[in-house]
Amino acid sequence: MKVLVTGGAGYIGSIVTAELIAQGDHVVVFDNLSQGHRAAVHPEAAFIHADLADRAALRAAFDTHQVDAVMHFASNTLVGESMAQPFLYLGNNVTNGLNLLQETVAHNVHRFILSSTANLFDKPERMPISEKERIVPGSPYGESKYILERMLHWLDRVSGLRYAALRYFNAAGAAPGGERGEDHSPETHLIPLVLQVALNQREHVTIFGDDYETRDGTCVRDYIHVIDLAQAHILALRALDEGSRTYNLGNGQGFTVRGVIDTCREVTGHSIPAVIGPRRPGDPADLVASSDRIREELGWSPRYPSLRTIVEHAWEWHRTHPHGYGD
Ligand code: UDP
């Protein structure tokens with residue numbers, strides 16, 4: 001297939017692009033490079049440097065490249081930032097997604113994959129969290145993704161667009177071999193921040209709260225290897241013609257912040273000093289996915305379920321790219 005990948009210069013989008021190309025698909029990356037990196041884009045992918053707000057550029061992309069499917073990664077993705085700047089999310093994320101959907105439908109493309117989020121589940125009643133859990137977006141970020149999921153629901157019914165909404169829990173790790181990995185500026189995610197301490201780029205990591213009702217008082221999260229996420233996208237793409245679908249995507253295992261830091265200490269051999277700070281606004285105590293549905297329907301199963309492997313691959317990337325892509 002020929003796939004238009006928005007955000008294909010970003011962390012997850014660039015790794016999915018490389019996996020698609022490895023499986024023989026063709027990829028057109030559409031990215032404004034506001035957060036992504038040109039060097040992250042696989043050399044065999046076509047690259048369009050443009051913004052989703054630019055309808056003419058988007059139209060030209062569809063006119064020039066007759067794509068069979070769209071994967072939409074380009075987005076603002078930070079819960080905390082969305083609490084401070086809601087219109088970046090309720091505005092940009094929604095209107096850019098809407099532009100993309102309008103052009104997708106107008107060009108008779110019938111396959112669409114959306115990066116969605118665990119932030120749809122702010123007050124889960126059951127753990128691990130299945131697709132049957134009540135949707136309660138935890139922030140303008142989560143709400144923006146939910147609005148796009150609802151648009152997809154209606155476009156399926158009205159326009160025959162087949163979609164998969166993939167709700168990621170905590171994407172982590174790097175492509176084995178250390179070719180592609182996480183490079184955010186500023187970095188806010190736990191594992192890269194902890195590894196920056198191991199690289200002596202930071203003096204310590206701050207644990208955001210140790211008074212949660214969890215086994216060691218720190219937040220529990222479900223870390224899923226980015227390669228396993230990528231495989232889930234590709235399986236979902238191949239299954240789309242059989243119908244639209246929504247999946248929660250995680251490992252099904254929860255690790256505390258302290259547990260993650262301990263694993264990073266083991267992998268790096270660095271003492272990694274940690275200090276306790278206040279809670280971060282918007283952080284739920286516990287988020288663990290049930291991915292039973294995608295396992296049963298698509299036969300997906302994580303190749304790298306162990307947190308140690310996830311951290312080893314992340315460490316390989318950060319150690320060999322201490323300044324990320326270097327731009
Ligand atoms: N966290 C932390 N210190 C940091 C960054 C993150 O204690 O410097 C915690 C955060 O509160 C959350 C977990 O680590 O419980 C994962 O946070 P991250 O930002 O990586 O992902 P999120 O869960 O927000 O998607």
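Indexing begins at 1, ligand by ligand and atom by atom, following the structure's order. Residues: numbered from 1 along the sequence shown.
- There is a side-chain donor-acceptor pair under 3.5 Å between E149 and S116.
- Relative to the ring axis of Y163, R245 does not place its NZ or CZ within 45° and under 6.0 Å from the centre.
- Under the salt bridge (Lys or Arg N to Asp or Glu O under 4.0 Å) criterion, the residue pairs touching residues 19-37 are D25-R238, with sequence neighbours excluded.
- Under 4.0 Å from any atom of ligand 1, one finds heavy atoms of residues N170, T188, H189, L190, L193, T206, I207, F208, C219, R221, Y223, V257, R280, D283.
- Ion pair E133/R126 not flagged as a salt bridge, since none of the NZ, NE, NH1 or NH2 atoms sits closer than 4.0 Å to an Asp/Glu carboxylate oxygen.
- A donor-acceptor contact closer than 3.5 angstrom links the side chains of D63 and H107.
- Closest approach of H72 to G97, counting heavy atoms only: NE2-CA, 3.9 Å.
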